[in-house]
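A quick write-up on the structure given underneath.
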Amino acid sequence: MKTLKEIICIVAISVVLGLLVNMFHPEPAVLSWERPLPLMNKSDGMEIGTDPAIISIDQLKDLIEKGNVLIIDARLPEEYNVGHIPDAINVSFDLLGEHVQKILQEPRDRALVTYCDGPPCEKSVVLATELKSLEFTKVYVFYDGLEDWIGNGNRVTEEAE
């Protein structure tokens, strides 16, 4: 019984210390499963909070309507083939090296939107961050992802096998 109390005490101290370190860290870990708010100004497309900016489904539709946007599905090819946003290309976040030449042919000021399944999927954020490091200037993340796209009654495209 004494050992159990010691273990509980050690775990409790570790949790408190971890939370304190996180609280004072310059880039603390987010301790929430809540969806982030859209952070792109709807009227002019200027990023106002994150880099790359997180956009809503309405902002994605506006970009599609305006044209000159490349939508990138960051999921695995098998997932992409089952269904994806129409006209999206598949560049799996962990296979960027295989597709980098295709991406580098795009103009650096073309709007690029990455997405995956939706929260808690982070593949789109990782891919968008990599695209920003390749000096693309208009990189956005549709963080709500395919789940939100379908949930709002939008169609998906399936690839023939």
Side-chain angles (χ1 to χ4, degrees), residues 18-19 22 25-161:
L19 290 171
N22 188 56
H25 193 276
E27 293 183 33
V30 178
L31 303 174
S32 173
W33 284 96
E34 293 180 20
R35 293 180 180 199
L37 297 173
L39 296 173
M40 186 178 85
N41 185 319
K42 187 172 175 73
S43 63
D44 61 13
M46 296 299 294
E47 299 174 20
I48 59 174
T50 63
D51 193 18
I54 297 170
I55 62 171
S56 69
I57 192 167
D58 292 331
Q59 292 165 327
L60 173 59
K61 288 180 177 181
D62 285 347
L63 287 171
I64 292 170
E65 190 175 301
K66 291 176 185 173
N68 199 29
V69 62
L70 180 61
I71 304 169
I72 305 171
D73 188 316
R75 300 173 304 148
L76 296 172
E78 301 80 37
E79 297 169 304
Y80 172 83
N81 291 340
V82 172
H84 56 272
I85 294 175
D87 299 321
I89 65 167
N90 183 226
V91 178
S92 179
F93 81 104
D94 54 350
L95 300 175
L96 178 60
E98 296 177 19
H99 301 279
V100 75
Q101 290 306 319
K102 176 172 48 172
I103 297 295
L104 290 175
Q105 292 174 5
E106 296 295 328
R108 293 297 188 274
D109 62 346
R110 184 173 187 191
L112 305 178
V113 177
T114 64
Y115 76 93
C116 53
D117 289 323
C121 178
E122 296 291 328
K123 296 174 183 177
S124 58
V125 176
V126 173
L127 179 59
T129 302
E130 288 297 319
L131 293 171
K132 287 296 282 191
S133 74
L134 294 173
E135 299 180 5
F136 285 96
T137 58
K138 296 179 181 175
V139 181
Y140 307 106
V141 178
F142 175 46
Y143 189 72
D144 291 338
L146 192 62
E147 179 183 295
D148 193 48
W149 181 262
I150 293 169
N152 279 285
N154 297 294
R155 69 180 183 84
V156 295
T157 302
E158 298 175 13
E159 295 298 310
E161 301 219 12

Could you go step by step and tell me if Y140 and L60 meet the side-chain contact (heavy atoms from CB on, under 4.5 Å) rule?
CA-CA 9 Å; Y140 307 106; L60 173 59; over 6 Å; no
With sequence neighbours excluded, what pairs up with E79 under the salt bridge (Lys or Arg N to Asp or Glu O under 4.0 Å) test?
K123
Identify the two heavy atoms, one from F136 and one from I103, that lie closest to each other, and give their separation to 0.1 Å.
CZ-O, 3.3 Å
OG of S56 to CG of D62: how many Å apart, nearest 0.5 Å?
8.0 Å
Interatomic distance, L70 atom CG to K102 atom NZ [nearest 0.5 angstrom]
8.5 Å
Compare every heavy atom of I54 with every heavy atom of Q59, then report the nearest pair and how far apart it is.
OE1-O, 4.2 Å
Check: D144 side chain, G118 main-chain N or O, donor-acceptor pair, under 3.5 Å:
no
Which residues pass the side-chain hydrogen bond (donor to acceptor under 3.5 Å, both in side chains) test with D117, sequence neighbours left out?
R75
Set of residues satisfying salt bridge (Lys or Arg N to Asp or Glu O under 4.0 Å) with respect to R108, sequence neighbours excluded
none
In Å and rounded to the nearest 0.5 Å, what is the CD1 to CD1 distance from I150 to I85?
8.5 Å
So, for V82 and E158, which heavy atoms are closest and what is the spacing to 0.1 Å?
O-CG, 3.1 Å
Among all residues two or more places apart in sequence or in another chain, which pass the side chain to side chain contact (heavy atoms under 4.5 Å, CB included) test with T157?
H84, P86, R155, E159
Please give me the minimum heavy-atom distance between Y143 and C121, naming the atom from each residue.
CE1-O, 3.6 Å
Does N22 reach the main-chain N or O of G18 with its side chain, forming a donor-acceptor pair under 3.5 Å?
no
Determine the minimum heavy-atom distance between V141 and A128, stating which atoms define it.
CG2-CB, 3.4 Å
From CA spacing to verdict: side-chain contact (heavy atoms from CB on, under 4.5 Å), L63, I55
CA-CA 10 Å; L63 287 171; I55 62 171; 3.9 Å; yes
Least distance between heavy atoms, D109 atom then T137 atom
CA-OG1, 3.4 Å
Please report the interatomic distance CG(L134) to CG(L104), rounded to the nearest 0.5 Å.
5.5 Å
To the nearest 0.5 angstrom, please state how far the CD1 atom of I89 sits from the CD atom of E106.
7.0 Å
Measure the CG-CG distance between L95 and L76 for me, rounded to the nearest 0.5 Å.
7.0 Å
Among all residues two or more places apart in sequence or in another chain, which pass the salt bridge (Lys or Arg N to Asp or Glu O under 4.0 Å) test with E122?
none
With N154, which residues qualify under side chain to side chain contact (heavy atoms under 4.5 Å, CB included), at least two apart?
I57, K61, W149, N152
